[in-house]
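Presented below is the structure to which this report refers.
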There are 2 protein chains.
Amino acid sequence: MSAGQRRDATKRAPTASERIVEAARALFVEAGETAVTMRAVAARAKVSPMAAYRHFESREALMHAVMERGHDDFLRRMHHALAAPGPGERLAATGRAYLDFALENPRDYALMFMQSVAGDPCAGAPAWRDAATFRFLVDRIAECTAAGLMPPGDPELLALSLWAHIHGLVSLYLAQKLALDEAAFRALCDRVLTLAWRPEATFPPDAAGIA
Amino acid sequence: MSAGQRRDATKRAPTASERIVEAARALFVEAGETAVTMRAVAARAKVSPMAAYRHFESREALMHAVMERGHDDFLRRMHHALAAPGPGERLAATGRAYLDFALENPRDYALMFMQSVAGDPCAGAPAWRDAATFRFLVDRIAECTAAGLMPPGDPELLALSLWAHIHGLVSLYLAQKLALDEAAFRALCDRVLTLAWRPEATFPPDAAGIA
DNA sequence: GGTTGATGTTTACGTTGTAAACAACACATG
DNA sequence: CATGTGTTGTTTACAACGTAAACATCAACC
């Protein structure tokens with residue numbers, strides 16, 4: 001898994017590391033990235049400013065831990081979609097879970113998916129394409145294809161196309177490029193998502209061309 | 001040329017403001033947002049550190065000016081697509097111009113379109129939906145619809161859908177979420193864009209559903 | 001015991017954004 | 001002409017930041 005190793009997070013008192021990440025996350029969610037200063041985090045975690053450096057190499061590493069917690073939450077949320085009865089409903093629920101997470105945790109979403117990277121492309125952390133959440137989406141699509149709910153095609157490519165479409169809408173909305181309030185935005189997304197899990201419409205729209 | 005300094009009437013010397021934005025832009029493009037410090041900008045513009053504050057209220061305002069220069073360049077680039085002979089070709093060229101700009105100016109693109117905003121949604125600058133570049137895309141699509149190159153539908157909604165799709169791909173690529181090098185990424189985008197300007201394919205893919 | 005390593009602290013340094021006070025100069029108005 | 005008055009530049013100063021360095025505490029193991 002991630003940074004934390006041996007812990008039964010069920011009942012023990014939180015470790016200093018956990019308190020520090022928790023403090024950073026709280027500050028981040030409440031007031032954004034610039035509010036996450038090492039001093040503020042330390043104060044909130046009730047340690048001295050330099051204590052955080054015993055657990056995280058730098059502020060950047062701490063923010064990375066916050067991001068990973070976001071990904072954990074995100075994946076957990078997606079997995080709720082498995083409760084739906086059929087493949088089509090599961091894909092639909094996955095899309096809804098994606099949207100809900102992004103709108104309820106806009107800063108986390110931005111940290112996880114909208115951070116441009118300074119260095120050359122294909123350098124940083126493992127691409128999300130290989131991550132559990134993307135695999136989950138691919139599985140949902142493959143499931144639909146297998147059930148004959150959508151035209152056959154490389155499920156990875158289909159997932160990428162669908163993901164890009166939804167992420168494009170979400171990230172433009174979060175970057176405030178759309179003159180829409182949340183309700184109008186959800187309505188817009190609903191149309192796209194409805195197409196996404198309604199095989200009788202030509203979905204995935206570009207399946208014929210891409211696959 | 002003699003010792004006498006020659007003044008080109010058409011091309012006067014840049015003002016201090018212009019030099020400062022130019023310096024900020026250069027630093028930003030070369031080394032990213034963190035490299036754009038007021039002191040570094042001032043040094044590059046050959047003024048004292050505080051001089052920039054006579055022209056920009058804050059560092060944030062200066063970055064905003066850099067962003068606006070990016071939007072100017074972007075719009076100019078898009079307008080080259082008008083040289084193409086027909087509506088279909090113009091829409092295709094518009095998509096290519098979008099992609100080219102993003103890949104050639106990744107930091108500018110991220111500054112312009114991938115910046116999440118702290119405040120509540122629908123608060124900041126005028127939404128891009130109202131901006132000239134989006135209008136341009138809407139016009140290209142309306143043009144195609146009028147020419148019978150694609151099924152009728154609200155061109156604004158169609159443009160939004162197409163924009164989101166492309167922007168989703170681009171921004172995920174720039175955020176390094178895709179395990180693709182630039183060539184592979186371009187190939188992927190080409191398939192989507194081909195569908196976008198090829199009316200005989202079902203484009204825009206979700207036109208029937210959205211419109 | 002004593003040594004060691006993990007964890008915490010205090011102190012200090014260099015860099016940042018920017019407020020404040022001051023200087024040079026253009027220019028309109030007496 | 002002198003005299004404000006506004007624009008543009010400067011120097012100086014300060015608080016907040018990330019973090020290096022040195023030191024303190026304390027449990028675990030020879």
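Values below: all heavy atoms of this structure, side chains included; hydrogens, waters and symmetry mates excluded. Protein chains get the first letters and strands the later ones, always in sequence-line order, with residue 1 at the start of each.
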Separation of C:dC13 P from A:M38 CE (nearest whole Å): 21 Å
Can you tell me the distance, in whole Å, between the CZ atom of A:R59 and the P atom of C:dT16? 16 Å
Does this structure show an ion pair linking A:E30 with A:R25, if we count only N-O contacts that are shorter than 4.0 Å? no
Could you give the CE-to-P distance, from A:M50 to C:dG8, as a whole number of Å? 13 Å
Salt bridge (charged side-chain N to carboxylate O under 4.0 Å, His left out) between B:D73 and B:R76, intermediate numbers included: CA-CA 5 Å; B:D73 289 1; B:R76 219 184 333 273; 3.0 Å; yes
Side chain of B:R90, backbone of B:P85: donor and acceptor closer than 3.5 Å? yes
Whole Å only: how far is the CD atom of A:E33 from the C1' atom of D:dC17? 14 Å
Taking N or O atoms only and anything under 3.5 Å, show me the protein contacts with nucleotides 5-9 of chain D, one pair per line.
residue, atom, partner, partner atom, Å
D:dG9, OP2, B:H55, NE2, 2.4
D:dG9, N7, B:R54, NE, 2.7
D:dG9, O6, B:R54, NE, 3.4
D:dG9, O6, B:R54, NH2, 2.0

Measure the distance from CG on A:L27 to P on D:dC17 and round it to the nearest whole Å. 11 Å
Is the A:F74 to A:F113 ring centre distance short of 6.0 Å? yes
Indicate, with a heavy-atom threshold strictly under 4.0 Å, whether B:V36 touches base, sugar-phosphate, or nothing. sugar-phosphate
Basic-acidic side-chain contact under 4.0 Å: B:E22, B:R44: no
Round to a whole Å and report the spacing from CG of B:L62 to P of C:dT18. 10 Å
A:M63 CE to D:dG18 C1': how many Å, rounded? 14 Å
Among A:R77, A:H71, A:H79, find the one that has a side-chain contact (heavy atoms from CB on, under 4.5 Å) with A:L75. A:H79
Using whole Å, what does the distance between atom P of nucleotide C:dG8 and atom OH of A:Y53 come to? 15 Å
